[in-house]
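Counting convention: from 1, in listed order, for ligands and their atoms alike.
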Amino acid sequence: MIFRTIIEDIRAIYRNDPAVKNIEFILYPGLQAILVHRLIHPLNNIGIPFIPRLISQIARFFTGVEIHPGANIGKGFFIDHGAGIVIGETAEIGENCVLFHNVTLGGTGKHGGKRHPTIGNNVFIGTGAILLGPITVGNNVRIGANTFLYMVDIPDNATVVGTPGQIVRLNGQNVDIKPSDTIVPQETQV
Ligand SMILES: CC(C)(COP(=O)(O)OP(=O)(O)OC[C@H]1O[C@@H](n2cnc3c(N)ncnc32)[C@H](O)[C@@H]1OP(=O)(O)O)[C@@H](O)C(=O)NCCC(=O)NCCS
């Protein structure tokens with residue numbers, strides 16, 4: 001199972017990065033970080049304390065990518081360049097997603113429990129994008145470089161850009177929509 005997922009992660013590099021040649025993929029810090037995560041996430045899930053977090057921090061030292069061992073990440077995940085990425089403990093990422101450097105999937109500091117974003121399948125997140133809170137990003141969404149999303153959901157098939165993020169394309173049509181504010185469930189508030 002893990003082996004198949006890792007094969008899909010490697011295939012994602014060839015699908016998304018025209019610069020990769022022969023076996024250069026082994027040099028990619030994004031792949032190194034996700035490989036470590038694939039190994040320590042099951043350890044975290046069975047409740048092994050400290051060790052998964054220790055290994056994750058060592059991986060962060062070498063790759064610049066910080067993925068909490070608790071994060072759920074689907075197969076075919078591609079991180080380009082790597083440095084500066086932060087993926088929080090309760091973040092969930094679907095299949096075949098792409099993240100560039102300096103992306104944050106973080107909390108607001110005001111929520112407990114589920115406090116990080118949930119990302120659908122086939123989502124592209126450009127460099128420097130910051131997504132905060134237990135928000136939901138739909139399938140086939142494209143998030144532009146330096147977009148900022150705070151406590152708003154994004155529907156399927158949208159392109160969202162800017163600070164704060166505006167939906168500029170939805171289901172192939174040009175639009176100009178402010179994402180509606182998410183109602184934060186009371187139980188997640190600290
Ligand atoms: C958003 C993005 C994914 C393109 O998605 P798309 O659905 O093809 O959208 P378009 O290119 O048609 O752009 C739609 C509109 O958003 C604007 N736009 C695109 N990206 C933007 C960004 N990051 N910030 C602000 N506006 C942006 C475009 O100018 C366009 O505006 P217009 O309709 O007034 O002309 C892409 O522009 C992007 O930001 N990619 C990130 C790439 C990256 O991080 N590269 C790092 C390489 S090291």
Is T147 reaching over with its side chain to a backbone N or O of I143, donor-acceptor style, under 3.5 angstrom? no
What I want to find out is whether K75 reaches E8 closely enough, with some N-O distance under 4.0 Å, to be called a salt bridge. no
Report every pair formed by an N or O atom of ligand 1 and a protein N or O atom separated by less than 3.5 Å, giving atom names and the distance to 0.1 Å.
{"residue": "ligand 1", "atom": "5 (O)", "partner": "R142", "partner atom": "NE", "Å": "3.2"}
{"residue": "ligand 1", "atom": "7 (O)", "partner": "R142", "partner atom": "NE", "Å": "3.4"}
{"residue": "ligand 1", "atom": "7 (O)", "partner": "T159", "partner atom": "OG1", "Å": "2.6"}
{"residue": "ligand 1", "atom": "12 (O)", "partner": "R169", "partner atom": "NH2", "Å": "2.5"}
{"residue": "ligand 1", "atom": "23 (N)", "partner": "A145", "partner atom": "N", "Å": "3.1"}
{"residue": "ligand 1", "atom": "23 (N)", "partner": "A145", "partner atom": "O", "Å": "3.0"}
{"residue": "ligand 1", "atom": "39 (O)", "partner": "A145", "partner atom": "N", "Å": "2.9"}
{"residue": "ligand 1", "atom": "44 (O)", "partner": "T127", "partner atom": "N", "Å": "2.8"}

Taking atom CD1 of I23 as the centre, does the number of heavy atoms from other residues, nucleotides or ligands within less than 6.0 Å exceed 12? no
Expected output: side-chain R115 to main-chain G113 donor-acceptor under 3.5 Å: yes
Drop me the distance from T104's OG1 to L149's CG, to the nearest 0.5 angstrom. 12.0 Å
Run the salt-bridge test on K21 and E24 with the 4.0 Å N-O cut-off and return the result as yes or no. no
